[in-house]
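These notes concern the structure reproduced below.
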Amino acid sequence: MKAEMTSHGFTELLNPADVDSTLPKAGTTLLFINSVCGCSAGTARPGVIMAVTESAKKPDRLTTSFAGFDIDAVKQARTYLAPYPPSSPSIVLLKDGKVVHMIERHNIEGRPAQMIAANLKQAFETYC
C-alpha cells in the first residue's frame, strides 16, 4: 500500500522531522494520509493517483504518510491540519503551509475514485 503511492511519485513522510521540513514549504503540497481501511484501498488511493496522473496542474510536492505505521509523522502532520479532526484516510492540499483543501474520510467513504479525482483536480486548478 505504501509502494502504490511511492511508485507514483509520492515521498513518504516517515517522522516528525520529515513533516516539519516539508509541509510548511512555500508552494503547494499534497498530503495523503494513507490507511489500511477499505475506503483507502478502494477509492482514496486510486482517486489520488488518478488526479495527479491526469491533471495538467499539479502540486509542487506529493507526500504521503501511513496512519498506524508512521505514527509520529501522522501525529505531527495533524498539527498542520487544524481545525480538522484526525481522519484517515484523508487528502490534504496545503499552500504555503496552510490547508486550502481537505477531503476527510467521511467525504471518501461511499464515493468512487473518479469522484475523488475530480474533486482533487478542481482543487489543483484553483490552488496550483
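Values reported hereafter were calculated over all heavy atoms of this structure, with side chains retained and with hydrogens, waters and symmetry mates removed. Computed from a predicted model, the values in this text were never measured in an experiment.
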Margin query: Would you compute the distance between atom SG of Cys128 and atom CG of Leu30 and round it to the nearest 0.5 angstrom?
Written below: 8.0 Å
Checklist line | Steps toward side chain to side chain contact (heavy atoms under 4.5 Å, CB included) verdict (Asn15, Asp70) | finding: CA-CA 7 Å; Asn15 56 56; Asp70 308 320; over 6 Å; no
Notebook entry, point to check: Less than 4.5 Å apart, any side-chain heavy atom of Leu31 and any of Tyr80?
Noted result: no
Item checked: Gap between atom OG1 of Thr63 and atom CG of Asn34 - 0.5 Å precision -> 11.5 Å
Notebook entry, point to check: Among all residues two or more places apart in sequence or in another chain, which pass the side-chain hydrogen bond (donor to acceptor under 3.5 Å, both in side chains) test with Glu54?
Noted result: Lys121
Margin query: To check you understand the geometry: which heavy-atom pair defines the closest contact between Leu120 and Ala51, and what is its length?
Written below: CB-CB, 3.7 Å
Notebook entry, point to check: Is there a donor-acceptor contact under 3.5 Å from the side chain of Thr22 to the main chain of Val19?
Noted result: no
Check: Hey, are the side chains of Thr11 and Arg61 touching, using non-hydrogen atoms and a 4.5 Å cut-off?
Finding: no
Next item on the list: State the CE-OG1 distance between Met115 and Thr43, to the nearest 0.5 angstrom.
Entry: 10.5 Å
Check: Which pairs pass ring-ring contact (aromatic ring centres under 6.0 Å, His included) with one or both residues in residues 43-78, sequence neighbours excluded?
Finding: Phe66-Phe69
Checklist line | Contact summary for Ser65 and Leu13, nearest pair of heavy atoms | finding: OG-O, 2.8 Å
Next item on the list: Would you give the length of the straight line joining atom CG of Asp72 to atom CG of Asp18, rounded to the nearest 0.5 angstrom?
Entry: 11.5 Å
Next item on the list: With rounding to the nearest 0.5 Å, note down the distance linking CZ in Phe32 to CD1 in Ile103.
Entry: 10.0 Å
Checklist line | Whether Ser7 side chain and Glu4 backbone form a donor-acceptor pair below 3.5 Å | finding: yes
Note to self: Counting C-beta onward and ignoring hydrogens, is there a side-chain heavy-atom pair between Val48 and Met5 closer than 4.5 Å?
What the structure shows: yes
Note to self: So which atom in Thr53 and which in His8 form the shortest heavy-atom distance, rounded to 0.1 Å?
What the structure shows: CG2-CD2, 4.3 Å
Next item on the list: Please answer whether the main-chain N or O of Glu109 pairs with a side-chain N or O of Arg111 as donor and acceptor at a distance below 3.5 Å.
Entry: yes
Item checked: pair Thr29-Asp60: side-chain heavy atoms closer than 4.5 Å -> no
Check: When hydrophobic residues are tied together by side-chain contacts of less than 4.5 Å, even through go-betweens, does Val74 share a cluster with Tyr84?
Finding: yes
Next item on the list: Report yes or no: does Asp96 contribute a side-chain atom to a donor-acceptor pair with the main-chain N or O of Ala26 at less than 3.5 Å?
Entry: no
Next item on the list: State, with a plain yes or no, whether a side-chain heavy atom of Val92 is found less than 4.5 Å away from one of Leu81.
Entry: yes
Next item on the list: Could you state whether Met50 and Phe124 fall into the same hydrophobic cluster, counting links through intermediate Ile, Leu, Val, Met, Phe, Trp or Tyr residues with side-chain heavy atoms under 4.5 angstrom apart?
Entry: no
Checklist line | Minimum heavy-atom distance Val100-Lys95, with the two atoms named | finding: CG1-CB, 3.8 Å
Check: Would you say Arg105 and Ser90 make side-chain contact, with heavy atoms under 4.5 Å?
Finding: no
Next item on the list: To the nearest 0.5 angstrom, please state how far the CZ atom of Phe10 sits from the OG1 atom of Thr64.
Entry: 7.0 Å
Next item on the list: Locate the shortest heavy-atom distance separating Glu104 from Met102; write the atom from each residue and the value.
Entry: CG-CG, 3.8 Å
Checklist line | Heavy-atom pair with the smallest gap, counting every atom of Ser21 and Lys25 | finding: O-CE, 3.0 Å
Item checked: By salt bridge (charged side-chain N to carboxylate O under 4.0 Å, His left out) - contacts of Glu12 (at least two apart) -> Lys2
Check: Are the side chains of Ile33 and Ser87 in touch, meaning some heavy atoms are under 4.5 Å apart?
Finding: no
Notebook entry, point to check: Do Leu94 and Leu23 have side-chain heavy atoms sitting under 4.5 Å apart?
Noted result: yes
